[in-house]
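Just so we're on the same page: letters track the sequence lines, and every chain starts at 1.
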2 protein chains.
Amino acid sequence: MATPPTPLSPLPAPADLAADDGAPVCGNADDWESLSAAESGAWHGFLQAHAEIQVELEHELQAAHQLSFSDYFALLALERAPAGRLRMHDLAKPVRLTRSGLTRLVERLERVGLIERTPCEDDARGTEARITEQGRALVHAASATHLAGVRRRFLERFSPAELAVLAEQFGRLTA
Amino acid sequence: MATPPTPLSPLPAPADLAADDGAPVCGNADDWESLSAAESGAWHGFLQAHAEIQVELEHELQAAHQLSFSDYFALLALERAPAGRLRMHDLAKPVRLTRSGLTRLVERLERVGLIERTPCEDDARGTEARITEQGRALVHAASATHLAGVRRRFLERFSPAELAVLAEQFGRLTA
DNA sequence: CACAAGTGCTTGCGCACGCAACTGTTATCC
DNA sequence: GGATAACAGTTGCGTGCGCAAGCACTTGTG
């Protein structure tokens with residue numbers, strides 16, 4: 001959104017280099033036209049597929065277990081961690097939240113008894129989040145729901161061979 | 001997040017069907033283990049790739065043009081629409097926002113002069129959003145930035161043949 | 001050992017968004 | 001034609017999140 005510094009178009013002028021010959025105002029009139037059908041389809045398909053699946057699965061999880069994706073990912077990460085404990089810092093990455101966001105998330109989960117917070121033994125600055133039995137039970141149930149959704153909305157639509165290729169291809173996208 | 005109805009685990013009991021033999025508490029101890037490497041890799045790769053690319057490109061757009069993705073998609077949809085005008089209702093889908101969210105978005109964009117709002121002629125209930133010249137200029141500049149990002153972070157990592165296959169595959173994911 | 005620099009987490013603040021309720025308009029159905 | 005339903009858009013409210021500043025503790029350096 002246009003904010004303080006440059007509220008409006010920081011452009012030189014409508015058209016000041018090439019003469020305006022009536023056609024597209026400049027070279028980038030609609031850059032998207034320069035994409036092939038495959039390029040455009042792949043990119044927009046990627047966005048659209050993600051958006052649709054994301055909201056559907058999240059609503060599903062919310063309806064069935066009153067859990068947001070952030071909640072679920074946090075519980076899942078803890079459930080898998082040795083002793084069900086993880087320091088805030090290490091929890092932030094799998095949950096894909098900033099530390100401040102994570103503080104709030106953990107606070108909410110603690111408030112309803114799904115996890116507990118204890119000061120870290122060997123480093124008094126740190127805090128450890130530990131999943132409770134209730135948390136474990138809930139994340140197991142939620143996993144069943146979620147995994148079913150993932151299969152239905154994603155995995156089932158591809159053959160094993162396709163999935164192997166996709167895994168490699170998505171791997172290329174992550175630095 | 002656990003909300004009013006069932007703040008905590010709505011489960012029958014820790015283990016009430018199979019005897020707890022010390023091993024996994026029940027059949028779904030960690031359902032994710034049941035996924036093949038390809039399945040797991042494809043799904044998590046999908047999520048991870050989207051998350052990474054999304055934040056990188058959005059930051060890029062924000063830094064270069066003070067535009068969020070929502071802002072950009074709204075302007076882009078309008079720029080492509082006949083006469084640069086679209087009713088709120090028709091703008092909501094491409095921007096992937098609810099109507100209330102769109103109301104606020106359009107309000108912000110209007111405030112900085114990127115679009116204008118006028119009552120709809122043939123339907124007194126409706127409102128039309130129209131992109132201004134400044135909006136057009138900005139969306140062109142932003143498109144150049146964004147498209148470069150899309151190429152760099154996505155398109156370039158695949159061959160034309162792969163992109164064609166991906167387009168078809170993502171199409172399968174969208175109902 | 002003191003003092004700076006770095007690290008881990010929290011807090012103040014602002015913001016974009018969804019949901020549900022509301023207003024005003026148009027279509028539908030006796 | 002008047003009641004009712006459907007629809008378009010806006011508003012009140014709550015919430016989750018990021019950013020930047022702050023506090024507490026630890027580590028490095030002279």
[X] [atom1] to [N] [atom2], straight-line distance once rounded to whole Å:
| X | N | atom1 | atom2 | value |
| --- | --- | --- | --- | --- |
| B/Leu109 | C/dC17 | CG | P | 10 Å |
| B/Leu105 | C/dC15 | CG | P | 15 Å |
| B/Phe73 | C/dC17 | CZ | C1' | 16 Å |
| A/Arg108 | D/dG14 | CZ | P | 16 Å |
| B/Leu91 | D/dA8 | CG | P | 14 Å |
| A/Arg96 | D/dG18 | CZ | P | 12 Å |
| B/Glu121 | C/dT26 | CD | P | 13 Å |
| B/Asp122 | C/dA27 | CG | P | 10 Å |

Salt-bridge present (B/Arg117, B/Glu110; N to O < 4.0 Å) =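 Here B/Arg117 pairs with B/Glu110 in a salt bridge, since their nearest N and O are under 4.0 Å apart.
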
query = Does the distance from a Lys or Arg side-chain N to an Asp or Glu carboxylate O, for A/Glu156 and B/Arg172, drop under 4.0 Å?
reply =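 Between B/Arg172 and A/Glu156 there is no salt bridge, as every charged N stays at least 4.0 Å from the carboxylate O atoms.
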
ask   = Any side-chain N or O of B/Thr98 under 4.0 Å from OP1/OP2 of C/dC19?
value =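 No.
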
task = Could you tell me which residues satisfy salt bridge (Lys or Arg N to Asp or Glu O under 4.0 Å) with A/Glu56, sequence neighbours excluded, listed by chain and number?
result =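 Here the qualifying residues are A/Arg152, A/Arg153.
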
pair B/Glu58-B/Tyr72: side-chain heavy atoms closer than 4.5 Å =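 B/Glu58 vs B/Tyr72: side chains apart.
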
request  = Please name all residues satisfying side-chain contact (heavy atoms from CB on, under 4.5 Å) with B/His44, sequence neighbours left out, ordered by chain then number.
outcome  =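 For B/His44 the side-chain contact (heavy atoms from CB on, under 4.5 Å) partners, ignoring immediate neighbours, are B/Trp32, B/Ser40.
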
request  = Spell out protein contact along nucleotides 8-14 of chain C as letters: B when the base is contacted, S when just the sugar-phosphate is, - when no protein heavy atom is under 4.0 Å; keep the 5' to 3' order.
outcome  = SBBBBB-

ask   = Given A/Glu116, which of A/Arg111, A/Arg130, A/Arg85 fulfils the salt bridge (charged side-chain N to carboxylate O under 4.0 Å, His left out) condition?
value =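 It is A/Arg130; the other options fail the test.
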
